[in-house]
Amino acid sequence: MKIAWRHRWNVTPAEARQLQAEARHRVIVRDDSPVLTFPRRVVALDVGYDRPTNLCFASLVEWDVPAGRPLRTDTHVQPSTFPYVPGLLSFREIPALLPLLRRLRRRPDLIIGDGQGIAHPRRIGLSSHIGVMLDQPSLGWAKSRLIGTHDPLPPERGAAVALLDGDEQIGWVLRSRTACRPTYISPGHRVSLERALELARGLLGPYRLCDPARLAHQLTRELLQRVRAEGPAAYVR
DNA sequence: GCGACAG
DNA sequence: ATCTTGTCGC
Ligand SMILES: [Mg+2]
């Protein structure tokens, strides 16, 4: 896919924060088209890491929503270039995802990132960053909270409460599976708060993560195991 | 100064 | 994220 917004990735944490501060105006928290309520093709992304080798393992899943099955999957292995710093996850994970996004030919209806969208100190978390880069609707679906407060959440699947930063709503806390820890939904790019929740609920399957995201995570794990067993030579870039 | 802190 | 088997609870 064509990359609409490019910038350097070889940055210090301070420069990364500055880039985010300068780019936050690019994030659009409004609905794109009404069609997006029922996306037909979604893409889910995930990245895993191996400390000993400093390698990272990226997976992409193209998912056919009506059919409920993957259309295509892709993976990529390369050295990790940025540490985990709270608030700067984009700079750790996106470099490994770029080759996969370049190889993606068809533009999906929605991209699901494994991390926050606007539920971020500067309102440009991983999922928003990816959406803006590709100028493409995206959704943040995180497994834990980065910032924000919220009321108690009912235990039933589908229950949701607002995630607030002060008096500003930045997303939702969603019970994606009964009696399981919640997940954190926020607009990535070109998606409203309301639509973000509709999309997440519409994508919900039997597990805590939606099927596309779950598969991406599984692929990442399998790839990691495989490279550990066979050695990096045949995989690394 | 201290605790929290996506993956 | 990752290290790791069984175990408790819905
Ligand atoms: Mg992940």
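In what follows, chains are A, B, ... by sequence order, proteins preceding strands, each numbered from 1. Reckoned from all heavy atoms, side chains included, excluding hydrogens, waters and symmetry mates.
Atom CG of N10(A) sits in a sparse spot, with 12 or fewer heavy atoms from other residues, nucleotides or ligands closer than 6.0 Å. Crowding of R181(A) atom CZ: a count of heavy atoms from other residues, nucleotides or ligands under 6.0 Å not exceeding 12.
When heavy atoms are screened at a 4.0 angstrom cut-off, G140(A) is found touching no nucleic acid atom at all. Counting any heavy atom pair closer than 4.0 Å across all strands shown, H129(A) reaches no nucleic acid atom. Residue R51(A) is out of contact with every strand shown, counting any heavy-atom pair closer than 4.0 Å. Within 4.0 Å (heavy atoms only), R228(A) reaches sugar-phosphate atoms of the nucleic acid but no base atom. Nucleic acid contact class of Q116(A) (heavy atoms, under 4.0 Å, all strands): base.
Counting to the nearest Å, the C1' atom of dC5(B) and the CG atom of L89(A) are 12 Å from each other. In this structure, CG of D46(A) is placed 12 Å from C1' of dA6(B), rounded to the nearest angstrom. If you take CG of L88(A) and P of dG7(B), they are 15 Å apart, rounded to a whole angstrom. The OH-P distance, from Y84(A) to dC5(B), rounds to 9 Å in whole Å. Counting to the nearest Å, the C1' atom of dT4(C) and the CG atom of L224(A) are 14 Å from each other. In this structure, the CZ atom of R181(A) is 16 Å from the C1' atom of dC8(C), given to the nearest Å. One interatomic measurement links the two molecules: CG of L223(A) to P of dT2(C), which rounds to 11 Å at whole-angstrom precision. One atom, CZ of R208(A), and another, P of dA6(B), lie 13 Å apart when rounded to the nearest Å.
In the hydrophobic cluster analysis, where Ile, Leu, Val, Met, Phe, Trp and Tyr join through side-chain heavy atoms closer than 4.5 angstrom, V191(A) is grouped apart from V27(A).
dG7(B) has no base stacking with the ring of Y49(A) when judged by centroids under 5.5 angstrom apart and an interplanar angle below 30°.
Taking only side-chain nitrogens and oxygens, S144(A) never comes nearer than 4.0 Å to OP1 or OP2 of dC5(B). Contact check, H120(A) against dC5(B): no side-chain N or O comes under 4.0 Å of OP1 or OP2. Checking the phosphate oxygens (OP1, OP2) of dA6(B), no side-chain nitrogen or oxygen of K143(A) falls inside 4.0 Å. For the OP1/OP2 pair of dG7(B) and a distance below 4.0 Å, the side-chain nitrogens and oxygens of R145(A) include no atom meeting the criterion.
Of the two residues near DNA chain C, A179(A) and R221(A), the one whose nearest nucleotide lies more 5' is R221(A).
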Run the numbers on H7(A) and H129(A) for ring-ring contact (aromatic ring centres under 6.0 Å, His included), then give the verdict.
CA-CA 11 Å; H7(A) 63 74; H129(A) 200 128; 5.1 Å; yes
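The aromatic ring centroids of H189(A) and W5(A) lie 6.0 Å or more from each other.
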